[in-house]
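As the structure is a prediction and not an experimental result, all values here were calculated from the model. Note that these values count all heavy atoms, side chains included, but never hydrogens, waters or copies made by symmetry.
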Amino acid sequence: MKGLKDLYKARETKKENSDLMNALSYFCSLREWGTVRSILSNANKYTSDSYIATKLKNSFLLDQRAKYFGIGEDIVGSMSNMVFGGNVSIKVDNDNKEAQLIIDKLIRDGYFMQSINNVYKAAISTNGRSYLFMELTSYFSTTTNYKIKDEFIKYTVVPEFELKIDELNNLVIRSIYKEIYNEKEKVNETFRFDYEYRIVDKGSTLTIVGYDKDDKELSAEETMYYLGIDITYVEYDFIPFGVINVGEGMLPNIIHIEESLAKTLYYQDEDLSNSQTGEYIPEDMISEVHIGTESYNVFDKYETRRIVKGGIDKDSNKIVSVEGKSSIGTIERNLALNVIKATLDAKINPISIGYILTDRLGGNTDVGSDKERASIRLRETHIDKLKPFIAKELKKLLYLENIDVNIDDISMFFAQYITPNIESLTNTLAKQIQFGLISIETAVRKINKDELTDEEVEKEVERILQQMVQMDFNVGQQLKSGIDNRLKGEGVEE
């Protein structure tokens with residue numbers, strides 16, 4: 001194929017542009033508009049593509065009149081609620097009670113699942129991949145210098161665009177920046193510290209390297225002093241980070257859609273002023289008309305009575321009234337179309353983010369969960385990606401407690417996104433029991449959302465069975481007594 005060399009050159013900035021757009025999408029989803037403005041105004045520092053850099057630097061989002069809509073946060077938040085909004089049950093299948101107790105405590109505390117939720121949101125708001133790092137403290141023997149154990153401290157979520165990944169050398173580098181006070185110059189200086197994770201078989205090593213403001217490498221002693229740590233190198237017999245990959249992100253064009261929505265919001269505000277009927281008064285009539293002030297208010301858009309120099313009508317010197325006109329219908333349609341575009345990119349239904357205007361515009365006549373078919377399909381896909389990721393992270397936490405569990409032995413259940421009301425659920429389960437599709441025990445567990453212990457379920461099943469026996473006995477007694485509960489019409493003889 002001709003032109004492959006030119007094609008290669010044209011794609012030289014692909015990685016730069018991808019990281020830049022992922023960064024903008026990520027901070028839009030967090031509503032960190034100050035960071036978004038900083039990236040836009042300095043776009044040429046993030047990419048050598050002059051076309052992209054110039055376009056971003058001229059964005060209306062940098063205009064002081066811009067108001068931010070935040071559709072990115074709405075989409076990410078709605079998808080997160082769809083996945084994690086219900087109950088998440090995690091069980092160890094090999095009857096390991098010690099492991100189950102630890103997992104139950106992690107679920108009750110909430111921190112573990114919140115960290116999973118955060119890394120998930122980072123993934124769907126960027127390129128579909130994000131990293132969850134374990135912050136650990138290692139303890140060593142004072143006599144042999146042999147590592148005794150690793151203690152978990154916290155999780156840190158890092159989107160992929162903030163990392164340097166060398167797949168050839170199995171190396172992942174996470175950089176952090178810290179303000180260091182220069183005693184001599186009496187100023188703060190920004191130092192960089194690289195956490196270099198190298199994967200070796202099933203384990204890994206961590207090397208911490210520091211750099212000063214001029215990117216000059218610091219000594220190990222300086223690095224330890226500035227970070228307040230005791231070592232700059234440690235070995236692990238596991239990998240202290242995980243990667244969630246949901247396939248692709250949900251906000252590929254969000255910065256451009258936020259740009260359009262910001263313009264729409266600006267014109268929406270202007271429309272309120274333009275829709276008001278205005279009175280224009282010639283300057284020489286000021287003494288005849290009570291204005292309240294003789295200052296010219298031509299630039300005050302909130303004032304409907306305005307003084308005009310030189311008159312308005314040359315033939316007759318009189319007050320002119322101009323009827324206001326509103327374009328709110330067009331503005332609403334533009335807003336709805338931009339929101340629909342964002343949800344199409346995200347592969348979810350607009351109704352999933354709660355905008356009734358977009359659902360009405362689409363003329364959606366489906367009912368119930370049918371309206372959100374696309375959203376529910378995507379939710380199921382993401383849950384399938386999350387399950388092995390969560391199992392691997394739990395295995396690491398259990399390993400730190402000297403408990404070895406196979407990933408396959410960790411199962412989890414995500415509650416339905418749209419659950420039927422209790423009456424509908426009861427009727428459905430009753431019919432399934434009647435036709436032998438499920439057992440009474442299964443029905444009890446479903447109606448109580450798997451929140452009962454095995455003993456409580458057993459007692460509830462026994463109670464139901466006793467009630468059914470009693471009902472059958474009552475019916476039998478009535479038949480023996482000659483009582484017939486069939487409905488009879490008046491004057492009808494048997």
Side-chain angles (χ1 to χ4, degrees), residues 90-103 105-107 111-113 115-116 118-120 122-123 127-141 144-160 162-176 193-209 229-247 383-412:
I90 302 178
K91 302 293 181 183
V92 180
D93 295 337
N94 62 357
D95 293 329
N96 191 325
K97 293 183 179 180
E98 189 178 4
Q100 188 63 59
L101 287 173
I102 293 175
I103 290 175
K105 185 177 184 299
L106 288 171
I107 299 298
Y111 177 74
F112 175 74
M113 289 308 299
S115 300
I116 297 295
N118 289 340
V119 73
Y120 169 72
N127 63 345
R129 293 184 299 277
S130 185
Y131 286 65
L132 186 65
F133 286 88
M134 302 175 76
E135 306 290 346
L136 303 163
T137 295
S138 299
Y139 294 91
F140 295 83
S141 170
T144 63
N145 206 31
Y146 179 78
K147 189 171 70 169
I148 302 172
K149 68 172 184 175
D150 295 307
E151 182 181 356
F152 173 76
I153 304 300
K154 67 174 184 177
Y155 282 118
T156 298
V157 175
V158 183
E160 192 175 67
E162 292 186 0
L163 300 171
K164 296 177 183 177
I165 301 173
D166 184 350
E167 295 182 354
L168 185 63
N169 294 305
N170 292 325
L171 189 64
V172 175
I173 302 175
R174 174 168 68 101
S175 298
I176 67 169
F193 299 92
D194 287 349
Y195 286 63
E196 301 177 355
Y197 296 86
R198 187 181 299 276
I199 300 173
V200 182
D201 295 328
K202 294 182 179 181
S204 62
T205 63
L206 169 61
T207 305
I208 304 174
V209 183
I229 57 179
D230 299 323
I231 55 174
T232 58
Y233 176 82
V234 64
E235 295 180 355
Y236 300 108
D237 48 5
F238 62 97
I239 301 173
F241 64 85
V243 187
I244 176 64
N245 185 352
V246 297
I383 287 175
D384 288 341
K385 303 286 186 180
L386 279 165
K387 285 181 177 179
F389 172 74
I390 295 173
K392 290 177 183 178
E393 295 309 307
L394 285 172
K395 179 180 173 63
K396 295 174 192 175
L397 291 174
L398 292 171
Y399 180 76
L400 294 177
E401 300 292 335
N402 297 316
I403 300 174
D404 188 22
V405 174
N406 291 326
I407 293 175
D408 294 337
D409 290 335
I410 301 175
S411 59
M412 60 200 72

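Within a 6.0 Å radius of CD in E98, other residues, nucleotides and ligands contribute 12 heavy atoms or fewer. No more than 12 heavy atoms of other residues, nucleotides or ligands shown are found within 6.0 angstrom of CG on D230.
Rounding to the nearest 0.5 Å gives a distance of 13.0 Å between CD1 of I239 and CG of L206. Atom OG of S204 and atom CG of L171 lie 11.0 Å apart (nearest 0.5 Å). In this structure, K164 NZ and I173 CD1 are separated by 6.0 Å, a value rounded to the nearest 0.5 Å. Here the straight-line distance linking atom CG of L101 with atom NZ of K105 works out to 11.0 Å at 0.5 Å rounding. With values rounded to the nearest 0.5 angstrom, S175 atom OG is found 9.5 Å from E162 atom CD. For the atom pair NZ (K149) and OG (S141), the distance works out to 13.5 Å, reported to the nearest 0.5 Å.
The minimum heavy-atom distance linking P388 with D384 is given by the pair CD-O, 3.1 Å. Among all heavy-atom pairs drawn from M134 and L397, the shortest one is CE-CD2, 3.8 Å. A pairwise comparison of heavy atoms in D93 and D408 identifies OD2-O, 4.2 Å as the closest pair. Here the closest heavy-atom approach between residue I407 and residue A391 is recorded as CG2-CB, 3.6 Å.
Under the 3.5 Å distance criterion, the side-chain polar atoms of N406 are left unmatched by any main-chain donor or acceptor of D409. Between the side chain of K147 and the main chain of S138, no donor-acceptor pair closer than 3.5 Å is present. Judged by distance alone, with hydrogens and angles left aside, the side-chain atoms of K392 form no donor-acceptor pair with the main-chain N or O of G242 at under 3.5 Å.
At a threshold of 4.5 Å between non-hydrogen side-chain atoms, the residues I103 and L398 count as touching. Using a 4.5 Å heavy-atom cutoff, the side chains of F140 and V234 are in contact. The side-chain heavy atoms of S130 and V157, taken from C-beta on, include a pair separated by under 4.5 Å. Between L132 and I116 the shortest side-chain heavy-atom distance falls below 4.5 Å. Using a 4.5 Å cut-off on side-chain heavy atoms (C-beta onward), I390 and M412 make contact. Considering only heavy atoms from C-beta on, T205 stays 4.5 Å or farther from I199 through its side chain. Between V209 and Y195, every side-chain heavy-atom pair lies at or beyond the 4.5 Å cut-off. Using a 4.5 Å heavy-atom cutoff, the side chains of T156 and R174 are in contact.
Ionic pairing of K395 and E401 is not present here: no N-O contact between side-chain nitrogen and carboxylate oxygen is shorter than 4.0 angstrom. Checked for salt-bridge contact, E160 and R129 meet the test: a charged N lies under 4.0 Å from a carboxylate O.
Between F389 and the options N245, I244, L394, V246, a side chain to side chain contact (heavy atoms under 4.5 Å, CB included) holds for only I244.
For the residue pair T207 and E196, no side-chain donor N or O sits within less than 3.5 Å of a side-chain acceptor on the partner.
Residues that satisfy the ring-ring contact (aromatic ring centres under 6.0 Å, His included) test with Y155, not counting sequence neighbours, are F152. For F133, the ring-ring contact (aromatic ring centres under 6.0 Å, His included) partners at least two apart in sequence or on another chain are Y197, F241.
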message = Please evaluate residues I403 and I102 with respect to the criterion side-chain contact (heavy atoms from CB on, under 4.5 Å), reporting the C-alpha separation (whole Å), side-chain torsions for both, the decisive distance (0.1 Å), and the verdict.
response = CA-CA 10 Å; I403 300 174; I102 293 175; 3.4 Å; yes
Pair Y139-D150, side chain to side chain donor-acceptor pair (under 3.5 Å): steps then yes or no = CA-CA 6 Å; Y139 294 91; D150 295 307; over 6 Å; no
query = Run the side-chain contact (heavy atoms from CB on, under 4.5 Å) check on I107 and M113 step by step: do they pass?
reply = CA-CA 7 Å; I107 299 298; M113 289 308 299; 3.8 Å; yes
